Amino acid sequence: MTSGGQEQRDPGKMTWSARLADEGIELPEVVMPLAAYVPAVRTGNLVYTAGQLPMTAGKLPLTGKVGAEVSADEAMGLARQCALNALAAVNSVVGIDAVVRVVKVVGFVASAPGFGGQPGVINGASELFAEVFGEAGAHARSAVGVSELPLNAPVEVEVIFEVA
């Protein structure tokens, strides 16, 4: 059992890297930091990722506020990309197969006035973690509306992983 009372992955079962391959999910390259920080840091049995933007091949596919220039459905896809970038960051520190569980997800949504669908947007990240990790992907979460994000990104996600 982990400290959260959840059962750990059986070592005899498929690895996370094999699960990614079976699902047809390829981890992207680690997104290079935009300022003075690193993509992820391990302390004890936890890996904390920096806030991950939905960068794809070094660029943001969309910019602007969710509920104005970016639809909620588009933003949900961007949150999924943020989660993939977080997986790449944890993979660069300990390897994806060292993940025991997803502990906490914090999602930030650059929101147009009156937009209240932040939880649905951040489901894009949460659903990816469920797809990849099954029960070990269940996590605590915050979904916060903000006025601006770096580079005019619509979404940013940070994650805490428990690792072996």
Side-chain angles (χ1 to χ4, degrees), residues 2-6 16 19-20 23-41 43 46-91 96 99-163:
T2 65
S3 58
Q6 296 292 320
W16 301 133
R19 178 101 172 237
L20 286 168
E23 295 291 329
I25 298 170
E26 188 172 324
L27 292 182
E29 293 293 319
V30 176
V31 175
M32 297 311 299
L34 302 174
Y37 62 90
V38 295
V41 173
T43 182
L46 298 175
V47 173
Y48 291 75
T49 72
Q52 299 293 312
L53 299 179
M55 300 293 251
T56 305
K59 297 186 178 210
L60 287 174
L62 294 170
T63 59
K65 303 278 188 293
V66 180
E69 299 87 3
V70 179
S71 73
D73 284 344
E74 290 170 321
M76 190 175 177
L78 295 173
R80 179 182 175 90
Q81 183 63 45
C82 292
L84 284 169
N85 292 343
L87 289 177
V90 74
N91 188 54
I96 196 73
V99 171
V100 173
R101 70 170 295 115
V102 180
V103 176
K104 173 89 186 237
V105 172
V106 180
F108 303 95
V109 180
S111 302
F115 179 76
Q118 294 84 4
V121 168
I122 301 306
N123 277 349
S126 295
E127 290 171 3
L128 174 75
F129 294 136
E131 183 181 336
V132 172
F133 299 113
E135 288 183 26
H139 53 269
R141 189 180 90 175
S142 299
V144 182
V146 298
S147 61
E148 298 287 337
L149 287 170
L151 305 179
N152 199 25
V155 182
E156 181 174 350
V157 173
E158 62 183 52
V159 187
I160 302 170
F161 295 92
E162 181 183 354
V163 296

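This structure is a prediction, so every number in the text was calculated from the model and none was measured.
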Distance in Å, [X] [atom1] paired with [Y] [atom2], rounded so as to fall on 0.5 Å steps:
X	Y	atom1	atom2	answer
Asn91	Leu84	CG	CG	11.5 Å
Leu128	Asn123	CG	CG	12.0 Å
Gln81	Leu60	CD	CG	10.0 Å
Trp16	Glu23	CH2	CD	11.5 Å

Side chain to side chain, [X] and [Y], heavy atoms closer than 4.5 Å:
X	Y	value
Phe129	Val99	no
Ile96	Phe133	yes
Glu156	Leu151	no
Glu69	Thr63	no
Met55	Pro28	no

If you compare all heavy atoms of [X] against all heavy atoms of [Y], which two are closest, and at what distance to 0.1 Å?
X	Y	value
Arg19	Val132	CG-O, 3.3 Å
Ala89	Pro39	CB-O, 3.8 Å
Gly67	Phe115	CA-CD1, 4.0 Å
Ala72	Val121	O-CG2, 4.0 Å
Gly145	Ser111	CA-OG, 3.6 Å
Gly64	Ala110	O-CB, 4.3 Å

Output yes when a side-chain donor or acceptor of [X] lies under 3.5 Å from a complementary backbone atom of [Y], and no otherwise.
X	Y	value
Arg141	Gly107	no
Asn85	Leu53	yes
Thr49	Val159	yes

Salt-bridge present (Lys65, Glu148; N to O < 4.0 Å): yes

